[in-house]
2 protein chains.
Amino acid sequence: MSHNRTAYVLLGGLSIQSNLSGYELHQAIKENFGSFWGESYGQIYPTLKRLVAEGLIEASGSATAGKKRRQTYALTDAGRVCLREWLAQPFQNDPPRNEFMLKLFFGHEAAPGVALVHVRELNERNRRMLATLEGIEKMARAYQSKDPNLPYWMLTLGLGLALARAALDWGESALAELAAMEVDTREPLKTSEAEPSS
Amino acid sequence: MSHNRTAYVLLGGLSIQSNLSGYELHQAIKENFGSFWGESYGQIYPTLKRLVAEGLIEASGSATAGKKRRQTYALTDAGRVCLREWLAQPFQNDPPRNEFMLKLFFGHEAAPGVALVHVRELNERNRRMLATLEGIEKMARAYQSKDPNLPYWMLTLGLGLALARAALDWGESALAELAAMEVDTREPLKTSEAEPSS
DNA sequence: CGTGGCATGTAAACGGTTACATGATTTA
DNA sequence: TAAATCATGTAACCGTTTACATGCCACG
């Protein structure tokens, strides 16, 4: 009778669109929640079965429509109630785990230039993330419907955008700082611009 | 011969200060990395033993100095090498898990006002976080030494501050938006200001 | 007909937290 | 001497990922 969060993500997913299969739920989660949540098949399929057993979702049509056979599911009333109860509970902050920040913190211990490489990589990832989120934003604006979910989606998206932009801004300036710092230690006396071709 | 990240956090911790015990390492991690990393005793103590067995750290004086008996450890040369190698590897983004954003995304499914409460709670947590980080910043500036680690610490701190501020900014404006949205649905016709003291 | 992608599933391993057990030391 | 806190440790449990197994369908 106790549920892990995978269960609620699935209930939530089915609450906004019915008759999805495990595969489609996985896709939907990756596309829509990609920036703040993830689930693996190994988690999704067993959880779906369990939710059916508990009556929170029900098998709805093995849609073999044109495609292959795939079992789809829909939320039951009990499932909707369960989801609502969970939504009302205070959210938990999962233990922080930011490997980038950890490696940056120990930057002095690393070989020269390592921190710089990490920051560059972080910036690339954040640029990609930002592009994705901006794409979603554009689509959402065009979507422009009376769907009552939309305001919440835009809000969530807004936080994602704000965080990505803040991280990227920080990254740009950190790059400059690090370049100055680490050049100092690596080329303490060099003044000529000539590059020996190894 | 394979290591989880706990091992590297401990190696890193000992790289910046020697002769720490498991207990002290736990404290140090909570204080210094609290905003981006965490470790539990159940992870720390077994890992320390394993690192000793592998020769990456060594027991250094069971400092019973005035205090209780506690086993302290120091990095070996092999340990330092191992840490450096890990630092040079590309960092990994752990799977995102932001329960707040998940609940906000499903906001429409929740009872009216729930999203608002969550955002308020988020803002409180972020304000606390920000205060903590600003405290650390102040201390670090006062610390003002030639410690070569300091620039990296400030950089890391800077990212934490940037993210916390961005989240808080977002939170303030989201609060306004949500208040407008959710009041609409809850008090569709009310015009009087009188509050029944039910 | 064979290959590659779609779709579902399972078992094992892993990383990590939680809860618990223990004793020693300080403080009241 | 009682309570609080320091300090170390372990066992059980949990959520999750990974790797693997399988079969179907479409396409060349």
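Chain letters run A, B, ... following the sequence lines, proteins first and then strands; every chain starts at 1.
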What's the CH2-P distance between B:W37 and C:dG15, to the nearest Å?
-> 12 Å
Rounded to whole Å, CG of A:L25 lies from C1' of C:dG9 at a distance of 15 Å
Among D:dT17, C:dG9, D:dT10, which nucleotide sits nearest the side chain of B:R97?
-> D:dT17
Round to the nearest Å and state the distance from B:L10 atom CG to C:dG16 atom C1'.
-> 14 Å
Heavy-atom closest pair, residues B:L130 and B:A164 = CD1-CB, 3.7 Å
For the side chain of A:R70, counting heavy atoms from C-beta on, which of C:dG16, C:dA7, D:dT16 is nearest?
-> C:dA7
Ionic contact status for B:E124 with B:R120, cut-off 4.0 Å | no
Just checking, A:R125 and A:F100: is the charged tip under 6.0 Å from the six-membered ring centre and within 45° of the axis?
-> no
Are A:W37 and A:M154 in one and the same hydrophobic cluster, where Ile, Leu, Val, Met, Phe, Trp and Tyr link if side-chain heavy atoms are under 4.5 Å apart?
-> yes
Could you work out which one of C:dA7, C:dG15, D:dT8 sits closest to the side chain of A:Y23?
-> C:dA7
Is it true that A:R97 and B:E39 have a side-chain N and a carboxylate O under 4.0 angstrom from each other?
-> yes
Parallel, tilted or perpendicular: rings of B:Y8 and B:H3 (30°, 60°) | perpendicular
Distance, rounded to the nearest Å, where B:K30 contributes NZ and C:dT17 contributes P | 13 Å
Taking the side chain of A:S21 as its heavy atoms from C-beta onward, which of C:dG16, C:dT10, C:dT8 lies nearest to it?
-> C:dT8
If you pin A:R5 and B:E24 to their nearest nucleotides in DNA chain D, which one's is more 5'?
-> B:E24
Taking for each residue the nucleotide of DNA chain D with the nearest heavy atom, is it A:Y41 or B:L48 whose nucleotide lies nearer the 5' end?
-> B:L48
In whole angstroms, how far is the C1' atom of C:dG15 from the CZ atom of B:R50?
-> 11 Å
Restricting both atoms to N or O, compile the protein contacts to nucleotides 11-13 of chain D shorter than 3.5 Å, with distance only.
none

With respect to the side chain of A:Y73, which nucleotide from D:dT8, D:dT16, C:dG9 is positioned closest?
-> C:dG9
Of the listed nucleotides C:dG16, D:dT8, D:dT16, the one nearest the side chain of A:N4 | D:dT16
Within this structure, what is the CD1-to-P distance between B:I44 and C:dG15, rounded to whole angstrom?
-> 16 Å
B:Y45 has a side chain; which of C:dT10, D:dT16, D:dT8 sits nearest to it?
-> D:dT8
What nucleotide, of C:dT17, D:dA7, C:dG16, holds the atom closest to the side chain of B:S40?
-> C:dT17
Pair A:E134 + A:R127: basic N to acidic O under 4.0 Å = no
How many Å lie between CD on B:Q71 and P on C:dA24, as a whole number?
-> 17 Å
The remaining residues in the hydrophobic cluster of A:Y23, counting side-chain heavy-atom contacts under 4.5 Å among Ile, Leu, Val, Met, Phe, Trp and Tyr, are A:Y41, A:Y45
Nearest whole angstrom, please: distance from the P of D:dT16 to the CD of B:E99.
-> 10 Å
Establish, with yes or no, whether the OP1 or OP2 oxygen of C:dG16 is under 4.0 angstrom from a side-chain nitrogen or oxygen of B:T6.
-> yes
